[in-house]
Structure formats: structure tokens, C-alpha cells
A.B. asks: 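Sharing a structure here in C-alpha cells format.
Counting begins at 1 with the first residue of the sequence.
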Amino acid sequence: QVKERGRGSYGFYQPQMNANLLSRMKLEHAMRQALGEQRLAVHYQPQVSMETGAITGAEALIRWTDPEFGAVSPGMFIPLAEESGYIVTLGAWVMEQAVREAAAWIHGGHPIVVSVNVSALEFRQPDFVERLTRLLAVHQLPPTLLELELTETILLQDAAEMEQRLHELAGLGVSLAIDDFGTGYSSLAYLKKLPIHKLKIDQSFVRGLPDDDGDRAIVSAIVSMGRAMRIEVVAEGVETEVQRAVLAQMQCDHYQGFLRAPGLPAEDFRSLLGRPVAAPPGVPAPQPVVA
Ligand code: C2E
Ligand code: MG
Ligand code: MG
Ligand code: MG
């Protein structure tokens, strides 16, 4: 295993290093170039209200197109960035793009929530809250229009300190979502004591809808639990109208998936939001567009 020692230099090199490892190193190198060379982009995938069909928010998803490797999937390079620590730099860049974009949505008449994935290592940075607070102030984004997507793993590490950090963020008005809910190893007890606003049902459970009995039971249980605990529930990876209908029947609050739209370049997402709704005098905030 290659561990980085400081600025881009590797601690050892062995000629017998296998192709796998070598290509990992190439990929890691290319990833570090990508940011400076502006080969990274942030795309936005709508989150849709089940009840009204309105777009209520969007998840920021990083995209990388490399001249040699082509489009590299985040599923491939995010874990690499997490191992090397580069995710801290990458994540800060995504956060800035997302916050700026959400501020632009407000000015376009669409005050909707931007949701940003945050890796454990980023979240554990001692100055995470401080930097985020400054970023929100610089771009004048109300904290209530930012949501952080955390995985259950984050809640397991340094529990006491992370708990305090979550309360601090919630105190600012930032929303906290648990991503890939149901796939981690944590207990459910944290839902009682932590300020969690949203559960994102992992797409592996949504995929089996409506036929798989196990998936149906799990999804339905998560939705009921969310309702009882006043935690919003979003279904991820909704691809078919049948899946949407089943989720609607279960009274799931929101959905996200290819059925509505994949992650879109910022400009395309703005067109999806449409023109600002002309507000009658005295009515300040236009409502999000309805499908
Ligand atoms: P995630 O946060 O669970 O994001 C949802 C993933 O599901 C995205 O994959 C999205 O494109 C995909 N997806 C959305 N709707 C559908 C659908 O209907 N069907 C299918 N099959 N897939 C759908 P993506 O963009 O490849 O990202 C994969 C993972 O990489 C994300 O999973 C997240 O964990 C991570 N990631 C992406 N962007 C960032 C980022 O900026 N920072 C961090 N730390 N992680 C990121
Ligand atoms: Mg996510
Ligand atoms: Mg997810
Ligand atoms: Mg995921």
C-alpha cells in the first residue's frame, strides 16, 4: 500500500510494483493535476418533493474528465482521494462551487437546498465548521440552504467530538443528512441523540422495488421510522415510475434519481429550474418550479 509522505512524493518505489498499483499512482497524480487544469466540474441532481413534484434541492456531485482516462467515476477516485488525504482539498473545492451555485439559484428566484457529500476526513478537520461558516458568509448563503451528506461511519469515529460538531452545525441552521442509509455498521441509537434532519435511503434498497419483499420491507420501515421521528426521508436511485409510485404510496417525502434527471452541469440544472416565478407585490420568495 502506498502512503503519501508530504507534497506529492511517495515514500518508496519498488520496480516490481504491479500494474494495478502503478495505475493507481498515475490516477492519483492525474487527479491532483485535474483541479489546477480545470478538468473537474460539479454537477447537480434534483431532489424532488413526492407530494408536489417540485424540485426542492439538488445534490452536488463531482465530475472528472481526464484527457487520458476519459470520464473517471467518483466511485473510483473518491476512495483514492480519501486514502491519500487529497479529499480535504477536493472537498473544499466542491463545497465552494456548491455554495456559490446555491447563492446564484437564490438570485435566480429559486431558493433551494444544495446538498454536499462530506467525507469523514474532511468532517474531522478541526477547522471544518469555521471554514464553512466563513464560506457561507462570503457567498451570503443562508445556512438553512446548505445540507451536508454524511455517512454512518462518520458518526462512529470520535463520537463525542463529532457529536459536538454536529450540534454546532445544526445550531448554525445547516441541515444534516445520512447518506446511503441502511448500509453502514452503526446502530440506530444515534438518531435519537443527534440532530439528523434527513435520511437518504440507499439505492440498493430502491432497486428491488416493487418486487423484492425484503427491499420493500426495509424501505417501508425506514419511511415509517423517519415519519415517527420527524426526520425527512429521501429515496435515492429512483429510475422507474413504478418505483416512484410505490415510494409515494409509502409516503416517502422526496426522491432523487434518473427518473427525474441525472446530475446535470450547473447551467443545465439552472434551465431545469426555469425562469424565476414573477412574485406579486408583497410576496417575496418565489416557490420552486412544479413538474
Ligand atoms: P452518493 O452520494 O450516494 O451519490 C449518489 C450516486 O448515485 C451518484 O453517483 C449519482 O450519479 C448516482 N445516481 C443518482 N440517481 C441514480 C439512479 O437513478 N440510478 C443509478 N444507478 N444511479 C444514480 P456518482 O456521481 O457516481 O457518485 C458516487 C459516489 O461518489 C457518491 O454516492 C458519493 O459517495 C461520492 N461522491 C460524489 N461526489 C462527491 C463529492 O463531491 N465529495 C465526496 N466526498 N464524495 C462524492
Ligand atoms: Mg450523496
Ligand atoms: Mg447515497
Ligand atoms: Mg454512495
Side-chain angles (χ1 to χ4, degrees), residues 44-61 112-118 144-156 162-163 166-167 169-170 173-263 287-291:
Y44 299 88
Q45 183 179 33
Q47 276 184 20
V48 182
S49 158
M50 199 64 93
E51 204 171 65
T52 67
I55 295 174
T56 53
E59 177 174 8
L61 295 164
I112 62 166
V113 176
V114 72
S115 209
V116 181
N117 293 286
V118 178
T144 49
L145 293 182
L146 176 67
E147 179 173 84
L148 305 181
E149 294 195 6
L150 311 169
T151 54
E152 291 164 279
T153 344
I154 291 182
L155 310 176
L156 294 176
M162 293 310 115
E163 184 174 337
L166 290 166
H167 282 289
L169 286 163
V174 172
S175 289
L176 303 169
I178 302 298
D179 204 354
D180 308 334
F181 185 72
T183 62
Y185 293 99
S186 58
S187 78
L188 291 172
Y190 71 83
L191 292 178
K192 263 192 338 189
K193 61 173 186 180
L194 298 180
I196 302 300
H197 304 96
K198 194 185 267 184
L199 304 177
K200 299 192 74 177
I201 304 177
D202 192 68
Q203 53 188 53
S204 61
F205 302 121
V206 174
R207 203 170 299 138
L209 298 182
D211 297 325
D212 188 288
D213 292 341
D215 287 339
R216 229 182 23 246
I218 289 170
V219 170
S220 160
I222 296 174
V223 171
S224 306
M225 183 178 67
R227 181 157 302 271
M229 298 185 77
R230 296 176 201 289
I231 300 175
E232 280 181 53
V233 178
V234 188
E236 293 193 272
V238 176
E239 295 184 351
T240 68
E241 175 51 33
V242 176
Q243 288 169 342
R244 192 204 59 78
V246 172
L247 287 156
Q249 199 174 32
M250 291 175 181
Q251 295 188 285
C252 181
D253 303 297
H254 304 272
Y255 73 96
Q256 186 182 333
F258 295 167
L259 176 65
R260 184 58 182 265
Q287 292 304 300
V289 285
V290 174

A.B. asks: Measuring only between side-chain heavy atoms, which start at C-beta, is Phe258 closer than 4.5 Å to Gln45?
C.D. replies: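 SC-SC contact between Phe258 and Gln45 confirmed.
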A.B. asks: Once you round to the nearest 0.5 Å, how far does CG of Asp215 lie from OG of Ser204?
C.D. replies: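 Those atoms lie 7.0 Å apart.
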A.B. asks: Report the C-alpha distance between Ile55 and Ile112 in whole Å, list the side-chain angles of each, state the deciding distance to 0.1 Å, and finish with yes or no for side-chain contact (heavy atoms from CB on, under 4.5 Å).
C.D. replies: CA-CA 8 Å; Ile55 295 174; Ile112 62 166; 4.1 Å; yes
A.B. asks: Please name the pair of heavy atoms, one in Tyr44 and one in Ala58, separated by the smallest distance, quoted to 0.1 Å.
C.D. replies: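 In this case the closest contact between Tyr44 and Ala58 is CB-CB, 4.1 Å.
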A.B. asks: Heavy atoms, side chains only, cut-off 4.5 Å: are Val113 and Thr56 in contact?
C.D. replies: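 No, their side chains stay 4.5 Å or more apart.
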A.B. asks: What residue among Lys200, Lys198, Arg260 forms salt bridge (charged side-chain N to carboxylate O under 4.0 Å, His left out) with Glu59?
C.D. replies: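 The option that passes is Lys200.
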A.B. asks: To the closest 0.5 Å, what do you measure between CG (Asp179) and OG1 (Thr151)?
C.D. replies: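 So the CG of Asp179 and the OG1 of Thr151 are separated by 7.5 Å.
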A.B. asks: Might you work through the side-chain contact (heavy atoms from CB on, under 4.5 Å) test for Met50 and Gln251, ending with a clear yes or no?
C.D. replies: CA-CA 8 Å; Met50 199 64 93; Gln251 295 188 285; over 6 Å; no
A.B. asks: Do His254 and Val48 come close enough that some side-chain heavy atom pair is under 4.5 Å?
C.D. replies: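 Not in contact.
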A.B. asks: Could you tell me whether the side chain of Leu61 reaches within less than 4.5 Å of the side chain of Asn117, counting heavy atoms only?
C.D. replies: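 Contact flag for Asn117/Leu61 side chains = yes.
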A.B. asks: For the SG atom of Cys252 and the CZ atom of Arg227, what is their distance to the nearest 0.5 Å?
C.D. replies: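 Atom-to-atom, Cys252:SG and Arg227:CZ are 9.0 Å apart.
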A.B. asks: To the nearest 0.5 Å, what is the distance between CG (Leu146) and OG (Ser175)?
C.D. replies: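 Interatomic distance, Leu146 CG to Ser175 OG, rounded to 0.5 Å: 8.0 Å.
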A.B. asks: Looking at Phe205, is its backbone amide N or carbonyl O close enough to the side chain of Asp202 to form a donor-acceptor pair, meaning the two atoms are under 3.5 Å apart?
C.D. replies: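 Not at all, since once roles are kept as given, no pair shorter than 3.5 Å links the two residues.
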A.B. asks: Closest approach of Val233 and Asp253, non-hydrogen atoms and distance?
C.D. replies: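 Here Val233 and Asp253 meet closest at N-OD2, 2.8 Å.
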A.B. asks: How many angstroms lie between CE in Met225 and OG in Ser220, if you round to the nearest 0.5 Å?
C.D. replies: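 Met225 CE to Ser220 OG: 11.5 Å, rounded to 0.5 Å.
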A.B. asks: Crowded around Glu241 CD? As in, over 12 foreign heavy atoms under 6.0 Å?
C.D. replies: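 Counting neighbours around CD of Glu241, more than 12 heavy atoms of other residues, nucleotides or ligands fall under 6.0 Å, so yes.
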A.B. asks: For the atom pair CD1 (Ile154) and CG (Leu166), what is the distance rounded to the nearest 0.5 Å?
C.D. replies: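 One gets 8.5 Å once the value is rounded to the nearest 0.5 Å.
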A.B. asks: Any non-hydrogen side-chain atom of Leu191 less than 4.5 Å from a side-chain atom of Phe181?
C.D. replies: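 In short, these two side chains touch, coming nearer than 4.5 Å.
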A.B. asks: Heavy atoms, side chains only, cut-off 4.5 Å: are Ile178 and Leu155 in contact?
C.D. replies: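 They are in contact (side-chain heavy atoms under 4.5 Å apart), so the answer is yes.
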A.B. asks: Within a strict 4.5 Å, meaning less than it, do heavy atoms of the Val174 and Leu148 side chains meet?
C.D. replies: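 Val174 reaches Leu148 side chain to side chain.
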A.B. asks: Does any N or O in the side chain of Arg207 come within less than 3.5 Å of the main-chain N or O of Glu239, such that one atom is a donor and the other an acceptor?
C.D. replies: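 Checking the backbone N and O of Glu239 against the side chain of Arg207, no donor-acceptor pair under 3.5 Å is found.
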A.B. asks: Considering all heavy atoms of both residues, which atom of Glu149 and which atom of Ser115 are nearest to each other, and what is their separation?
C.D. replies: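 Scanning both residues completely, I find the closest heavy atoms to be OE2-OG, 3.0 Å.
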A.B. asks: Closest approach of Leu259 and Thr240, non-hydrogen atoms and distance?
C.D. replies: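 For Leu259 and Thr240, the tightest heavy-atom pair comes out as CD2-O, 3.6 Å.
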A.B. asks: Could you check if a side-chain atom of Glu147 sits within less than 4.5 angstrom of a side-chain atom of His197, using non-hydrogen atoms only?
C.D. replies: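 Answer no - side chains too far apart.
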A.B. asks: Restricting to non-hydrogen atoms, name the atom on Pro195 and the atom on His167 that form the minimum distance, rounded to 0.1 Å.
C.D. replies: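 That would be CD-CE1, 3.5 Å.
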A.B. asks: Should Ile222 and Leu199 be marked as a side-chain contact (heavy atoms from CB on, under 4.5 Å) after you check the CA-CA gap, both sets of side-chain angles, and the distance that decides it?
C.D. replies: CA-CA 8 Å; Ile222 296 174; Leu199 304 177; 4.1 Å; yes
A.B. asks: Run the side-chain contact (heavy atoms from CB on, under 4.5 Å) check on Ile201 and Glu236 step by step: do they pass?
C.D. replies: CA-CA 6 Å; Ile201 304 177; Glu236 293 193 272; over 6 Å; no
A.B. asks: Taking all non-hydrogen atoms of both residues, which atom of Asp211 and which atom of Arg216 are closest, and how far apart?
C.D. replies: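 Smallest heavy-atom distance, with atoms named: O-NH1, 3.8 Å.
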